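Note that the structure is predicted; figures quoted are calculated from it, not measured. Residue indices begin at 1 and follow the sequence shown.
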Amino acid sequence: MPHQVVLVVEMNIDEFTYKVLPARNKLFRLAKTMLQSKEEAEDTLQEVFLKLWTIRQGLHAYKSVEALAMKMTKNVCLNKLKSQKQNKMVDVMHLEVDSGYETPYKKVELQDSVSIMNAIFDELPQQQKLIMHLRNVEGYSFEEIEQITGLSINNIRVILSRARQQVKENYLKIQKYEDD
């Protein structure tokens, strides 16, 4: 019986840089959204990149290294949130709304709307926040979200639909309250 030769191809720094680092901004945005801290997000990225570098010889087996990196980032963030018992995700104070054409009154009104939407978003369950972020902020396809979260596409669609419905209902309640 012939012996099988197993060849392990180790990813070098150039290939790692080419395959992994382009996702850096998406990974950072996800981590910052989940952790509400630039410093924590940067620490998370370092941790994820270190883990990816450690398993670089096996990265060829993955269909999408970016999806793997997003999944790892999500998991590291969830672990940090669990250990910190932290539930907030969006820091409203750092958001700016400016198109250059609004009156000061309109700018304040838009900032209020952003604050309201972020407060509503913050009340969603963790899983709904994650799915909405991946789909609406990062623009991932359902297939990519499936790879990142491990959920089925049908489940993702249901979670996204429920999250959007909840946001809509809560926003309309607040608007109705303000109009009364």
Exercise. So do L59 and K19 actually touch side chain to side chain, heavy atoms under 4.5 Å?
Worked result: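 Contact flag for K19/L59 side chains = no.
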Problem set entry | Test item: L30 and K26 side chains (from C-beta on) under 4.5 Å apart, heavy atoms | no
Problem set entry | E169-Q165 side chain donor-acceptor pair, cut-off 3.5 Å |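 Yes, Q165 and E169 have a side-chain donor paired with an acceptor closer than 3.5 Å.
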Is it true that [X] and [Y] fall in one hydrophobic cluster, defined by side-chain heavy atoms closer than 4.5 Å?
X    : Y    : result
I131 : V137 : no
L134 : I153 : yes
L52  : Y18  : no
I55  : L45  : yes
I13  : F49  : yes

For this session: Identify the residue among E146, R135, E66 that makes a side chain to side chain contact (heavy atoms under 4.5 Å, CB included) with Y140.
Result: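 The residue from E146, R135, E66 that satisfies side chain to side chain contact (heavy atoms under 4.5 Å, CB included) with Y140 turns out to be E66.
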For this session: Check each of L78, L27, I148 against T73 using the side chain to side chain contact (heavy atoms under 4.5 Å, CB included) test, and report the only one that passes.
Result: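 Result: among L78, L27, I148, L27 is the only option passing the side chain to side chain contact (heavy atoms under 4.5 Å, CB included) with T73.
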Rounded distance [0.5 Å steps], [atom1] in [X] versus [atom2] in [Y]:
X    : Y    : atom1 : atom2 : value
L160 : I145 : CG    : CD1   : 7.0 Å
L81  : K74  : CG    : NZ    : 12.5 Å
E138 : M70  : CD    : CE    : 5.0 Å
I120 : K173 : CD1   : NZ    : 10.0 Å
K51  : N75  : NZ    : CG    : 8.0 Å
E47  : K80  : CD    : NZ    : 5.5 Å

Exercise. Above 12 or not: heavy atoms from other molecules or residues under 6.0 Å from CZ of R162?
Worked result: no
Short side-chain to backbone donor-acceptor contact, [X] and [Y], under 3.5 Å:
X    : Y    : value
K129 : D122 : yes
R56  : W53  : yes
T44  : E40  : yes

Problem set entry | Derivation and outcome, side chain to side chain contact (heavy atoms under 4.5 Å, CB included), residues I159 and Q127 | CA-CA 8 Å; I159 291 168; Q127 192 175 50; 3.4 Å; yes
Exercise. What's the verdict on side chain to side chain contact (heavy atoms under 4.5 Å, CB included) for N25 and R29, showing C-alpha distance, side-chain angles and the deciding distance?
Worked result: CA-CA 6 Å; N25 290 337; R29 284 192 304 269; 3.7 Å; yes
For this session: Could you please spell out the steps behind the side chain to side chain contact (heavy atoms under 4.5 Å, CB included) verdict for N155 and T149?
Result: CA-CA 11 Å; N155 199 4; T149 63; over 6 Å; no
Exercise. Do Q147 and E143 pass the side chain to side chain donor-acceptor pair (under 3.5 Å) test, and can you show the C-alpha distance, the side-chain angles, and the key distance before you say yes or no?
Worked result: CA-CA 6 Å; Q147 288 180 356; E143 292 79 13; over 6 Å; no
Exercise. What are the two closest heavy atoms between C77 and A31, and how far apart are they?
Worked result: SG-CA, 3.5 Å
Exercise. Should Q126 and M34 be marked as a side chain to side chain contact (heavy atoms under 4.5 Å, CB included) after you check the CA-CA gap, both sets of side-chain angles, and the distance that decides it?
Worked result: CA-CA 9 Å; Q126 186 73 27; M34 291 183 75; 3.3 Å; yes
